[in-house]
Amino acid sequence: LRRSRSALTQAMKKILVSFCGIFLVSTLTSFAWDYAGHRLVNEVALASLPTNFPSFVRTSAAQDRIAFLAGEPDRWRNTTELRLQHAQEPEHFMDIEELADCGLTPTTLPPFRYDFIAKVAAAHLAHPELFPPGRDDPAHKYVWVGLLPWALTENYAKLKSAFSYLKTFEENGGTPTEILNAQENIIYIMGVMGHYAGDAAQPLHTTIHHHGWIGANPK
């Protein structure tokens, strides 16, 4: 069982590297971002999967579904519903320049999102002068610097979990319906996770200068 889990972990690491690496290359050539760009990088990532990857992911229907889901997180945040904006917008970016005011660097980020949020909140309380009111933000979307690293790693953890319980159903008498549902969950998570991997590979998702220079242009 330990060997099986180890093999699964190694396989999942290869999947994540495949998604991230292919997304990074794809951003250099994508003619557009938004849905078209995200769909393209999901498609290229799927094309890079090893030939022995589970066959249920390699069907035409599954690959179409994963490609379509590349745009799902943007559909959640492009809404007039402020609660959903609040929950979703920070998942797509990390304004790295703002970490210093919170006493953090990219290499000292805590592994858990709420530990990170607590550190940001503490910095705001201790040094309010460093965090003046910024852009109009009725949904409070931009307070937390950005939560993209956790959106990606948490979805990766969900994917590992989904493969694990699929195997349990397959090897311990799961019904055909249970197995099918577990497979469909994997397809869903892969499509959504691909969106965040694509965001992480897009440099403009990691800076405050995403729509032009903030402050003086260093040229």
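Both backbone and side-chain heavy atoms feed into the values below; hydrogens, waters and symmetry mates do not.
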His195-Asp199 side chain donor-acceptor pair, cut-off 3.5 Å: yes

Met190 to Leu46 - nearest heavy-atom pair and separation: CE-CD2, 4.4 Å

Trp150 with Ile117, same ILVMFWY side-chain cluster at under 4.5 Å: yes

Tyr188 OH to Leu69 CG distance, which is reported to the nearest 0.5 Å: 6.5 Å

Reported CG-to-OG1 distance for the pair Leu148 and Thr206, which is rounded to 0.5 angstrom: 9.0 Å

Aromatic ring pairing His140/His86, orientation class (parallel under 30°, perpendicular over 60°, tilted between): perpendicular

Between CG on residue Leu147 and OH on residue Tyr114, distance to nearest 0.5 Å: 8.5 Å

Phe112 atom CZ, neighbour heavy-atom count above 12 within 6.0 Å: no

Distance in Å, Leu166 CG paired with Glu184 CD, rounded so as to fall on 0.5 Å steps: 11.5 Å

Plane angle bin for Phe131 and His124 - parallel if under 30°, tilted between 30 and 60°, otherwise perpendicular: parallel

Geometric cation-pi criterion, Arg75 with Phe68: 6.0 Å, 45°: yes

Between Thr175 and Thr177, a side-chain donor and acceptor under 3.5 Å: no

Chi angles and distances behind the salt bridge (charged side-chain N to carboxylate O under 4.0 Å, His left out) call for Glu170, Lys167: CA-CA 5 Å; Glu170 290 174 334; Lys167 185 175 181 180; over 6 Å; no

Charged N-O contact under 4.0 Å between Glu154 and Lys158: no

Heavy-atom side-chain proximity of Tyr35 to Asp74 below 4.5 angstrom: no

